[in-house]
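What follows is one structure encoded as structure tokens, with my remarks underneath.
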Amino acid sequence: MPTRPFTLGRSRPLSGDPGAAGARPFELPAHHLVTHGVVVGMTGSGKTGLVMVLVEEALRSGVPVLMVDVKGDLPNLLFTFPELSAAEFEPWIDPSAAARDGRSTADVAEGLAARWRDGLASSGLGSGDVAALRARMAPRLLTPGTTAGEPVHVLSALEAPSPLWDEDEEAAREALSASLSLLLRLVGRDPDPARSREHVLLAHLAERRLRARRAAGLEELLADLADPPIAAVGALGVDEFFAPKERQALARELNTLLASPTFATWRKGAPLDVAAWLAPQAGSGGGKTPAVIVSVAHLDDDERLLVLGLLFDQLLSWVRGLPGTSDLRALVVFDEVFGFLPPHPANPPTKRPLLALLKQARAFGVGVVLATQNPMDLDYKALSNAGAWFVGRLQTDADRERVVEGLSGADGGAGGVGAAALSATLKALPPRTFFVRDVHMQPPSFLAETRFSLSWLRGPVTRREIGRLVRSISPPPPAPDPTRASLDSRPVHPDSKYTALDSKPVHPDSKKDSLDSRPVHPDSKYVPLDPRPAHPDFKDTSLDYKPVHPDSRVDSLDPRPASPDPRRASPAPSSHAPRALVGPGGTVVLDPRHTPAAPQPARRSAAARAGAGAPAPAPPPPAATAPPPAPDGWRSLYAHAPAAAPEGFRYIPWVAASVIAHLRDTKLGVALNRSQLLAAPLLPDGRPDLSRVSRLDASLLATAPAAGARFAELPAPLAKRATAQAAARALREHAYRTTEAAVAVHKELGLAQDDGEPVEAFAARCRAAAARLAAAEQQQVVGRFAPRIARLGERIAVAKARYGEAEAEVAALPGAVGAALLGLVAGRDTARRAGTQRDKAAAKLERARQEWTEADAALRDLHAAQAAELAALEQLPLRAGEGIETKRLVPKKNDVEVAFVALAWAATLAGPA
């Protein structure tokens, strides 16, 4: 089994003493994940980036990985460019996005390739590592319910009897129930296993076949519905429980589904066989490690639950059949687990097998890593089963309390860290930095910053792009060849609003670590102000920041921060420098007079340079004690700082703009306003560095500087009015390119989601509107049929009266015997006339009877047609959710306005050495 540890980045101790041991490589032994892991963090914390790094390290160590993709982000694993060249990026550049920036796709690709090379270099990686990962893994991209990727036969459990019926009857029954629920949902029937008569009957019929080692496919179930092989269901006879006429209707619907070309995609492709998926694959360079991505991003919520319920039941069955081991045999990764493992009493189809995996899989060497933005999304039993925790920034006090409770409950004190101290630490974490608690390590708790990912974190992949990826990677097993993979090029990290680009160098007047004075909001989604101005001569010892890719609108303000946003990008790569510590007043600072020791190679290099008589670094230029005047019309804002600045406290200039974007759709009647305060460091020529744009919380900025602080000089070109105006325009242009909102709409009902309205509430509003519409249309149907029904009623009454008259007339005339007697008495002519009258009366009676019958049949048909239309309208509220779709809103250029422009002074602590 693999013994190589997972190199995830750099770590440092929790101690607030700047003189404590410094940052060091963060290496996680692979077997530590056998006891599972949980990754939590709000939007922009770098959560999904950490998940991707874990996946890459597992594959580099030869550990098979099964990934569940809910948002469309995990196919980013296939975006590995061995040469890190612009030619590899360019085929995937969005031409329209490049055109909005006034650039060609070649220019954008060249910039991305350079940034990716620099980012990997900052983490001690290069193109050779990317090529090795690409050659090592055997990728598969499975897409149940569509042929965009490799389709999956999700109902294979019905058509192939499972050994679970002998080994684990409960798991087998759960798998059967999930398959039948999916089947019934596809025909619009109630899928509830406990309340649906259809589900109960089909479960009895299917289980009878599967226990007898026979297939229970759709064709076999149709035959059993027509002629049930069982006499009773429960205490009732089968005909009493489900009438033959109703069984025929269900059989017709299932047969229509069976004949549907759409349903064919659910019944073809790879069998739902986890054991085969995770089996090592042969290759020219030796064994290749399976990297299986099961993408359900294209399915609706109910279909996802049912399909993943089937998947996890199959996974649990495979795990239980493995021999025991303490090594990591396989890794299961589930990003964005919201809704699939909820707290009690919610019990979706995915919850039971997931809990069972967390409790039992460790004994068989299978680790599970769950990631979510909100720890409140997870059942407490799941949290308590995790041995490794990675906790990033959390937005609310409730989230932090839930994590503190889970960590404290696991070992009585979160690895020796008190609850109050832990809560304060979580509150102050910068992006891409995580509080790590590993029960197998000593000390068990520390801080870690993740490395740059080998994969290009492009962001959500569309269905069409999935098709391109699947065509570009090697065929599915048994002979995959991942070296043929065609890779994508838009590096958007799926768990952040910003794209992970290059690490920009910082201040020109110091070779010491640049200092971060970013205030930490106790419940904020905002990025603190990074004080590092860019300079080409500075060697980056960066603190964290959130650079923005100029090529895409997706690295944008999240219009709904409370909900998962599938278009987030990652923070920038970390350097080998230690993280800033929390200083006085909550300011994040790093005093270079007490800088932690650098890694050993750096110390040897510095000593060698000193021995060679290398000149000492030049001292920083003197700083002013009064703030330089801001350009005309600009305000001045100051980062959070101590009430009285200590020696060496200094401000660094950034440019900030408060922008308001108006997003409208007149057809839908949607009008949203998105306000944000954007800030960027200033380049030496006075331009803002748009690759390091941050969102700020204006409430955390002051309008006056700290007493005794000093100020760095403004870039000289900023004194020119044109340069200042250009800086403001650049931030406005950035807001125009990156602001968007996703709004749920129902076009048929003419409804749109209100600002801040949960999707569930909007769906309920759609159902209510559909119910009102159905009621109104039902009245119209009744009114439309009423005149015709009245006319047919009149026809029936007239026909009935004529029939009565004709019947009386026939009765009054002599019959055949009477006519014969009349002929003897009155003569033959009289008898002939009487017979003619009798024949006419009989014909009149027949016509009246036929008219009455036809009118009565027409009335019955009319009533049936009216009942059918009314029944169809009754289904409208139940199907209202099917008409909900997502509308993407972006502002027009004239719809973005600047409220004000300001100098935002970032604070550092850079005293004399």
Side-chain angles (χ1 to χ4, degrees), residues 101-103 107 110-111 114-115 118-119 122 501-518 529-550 572 575 577 592 617-639 650-657 678-694 696 705 709-734 901-908 910:
D101 288 333
R103 305 169 65 190
D107 291 339
E110 185 61 42
R115 293 185 178 107
D118 293 343
S122 70
L501 302 179
D502 59 335
S503 300
K504 290 288 183 181
V506 289
H507 199 277
D509 60 1
S510 174
K511 292 190 177 180
K512 298 176 181 179
D513 289 346
S514 177
L515 309 178
D516 191 347
S517 61
R518 297 175 289 175
L529 182 59
D530 183 346
R532 299 169 300 162
H535 192 283
D537 296 330
F538 189 87
K539 296 187 181 302
D540 186 12
T541 52
S542 58
L543 304 179
D544 203 6
Y545 60 87
K546 301 182 75 176
V548 184
H549 189 305
S575 71
T625 57
D632 291 342
W634 286 28
R635 301 182 184 181
S636 291
L637 300 174
Y638 302 88
R650 188 169 64 167
Y651 286 107
I652 302 293
W654 282 38
V655 60
L678 300 178
L682 288 167
L683 296 166
D685 60 2
R687 293 183 297 109
D689 182 1
L690 295 181
S691 69
R692 294 171 59 197
V693 174
S694 298
L696 304 182
R710 294 179 296 162
F711 292 83
E713 294 182 358
L714 291 178
L718 202 63
K720 299 179 181 179
R721 181 179 181 85
T723 304
Q725 291 176 342
R729 284 197 305 271
L731 287 180
R732 177 182 178 276
E733 185 74 14
H734 173 81
V901 185
L903 277 179
W905 290 95
T908 70

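Values reported hereafter were calculated over all heavy atoms of this structure, with side chains retained and with hydrogens, waters and symmetry mates removed.
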Check: Donor-acceptor pair, T723 side chain versus P717 backbone, under 3.5 Å?
Finding: yes
Notebook entry, point to check: In terms of heavy-atom contacts, does CG of D685 have more than 12 from other residues, nucleotides or ligands at under 6.0 Å?
Noted result: yes
Notebook entry, point to check: Looking only at heavy atoms, which two atoms of P629 and L714 are closest? And how far apart?
Noted result: O-CD1, 3.5 Å
Next item on the list: Output the distance between atom CG (L903) and atom CG (L718), rounded to the nearest 0.5 Å.
Entry: 6.5 Å
Notebook entry, point to check: What's the spacing between S636 OG and F711 CZ if we round to 0.5 Å?
Noted result: 8.5 Å
Next item on the list: Evaluate the ring planes of W905 and Y638, with Trp represented by its six-membered ring, and classify them as parallel (under 30°), tilted (30 to 60°) or perpendicular (over 60°).
Entry: parallel
Next item on the list: Taking all heavy atoms of P688 and all of L683, pick out the closest pair and write down the distance.
Entry: O-CD1, 4.2 Å
Notebook entry, point to check: So do Y651 and P705 actually touch side chain to side chain, heavy atoms under 4.5 Å?
Noted result: yes
Item checked: Value rounded to 0.5 Å, distance of CG in L678 from CG in L696 -> 8.0 Å
Item checked: Heavy-atom pair of closest approach, residues P653 and A712 -> CD-CB, 4.1 Å
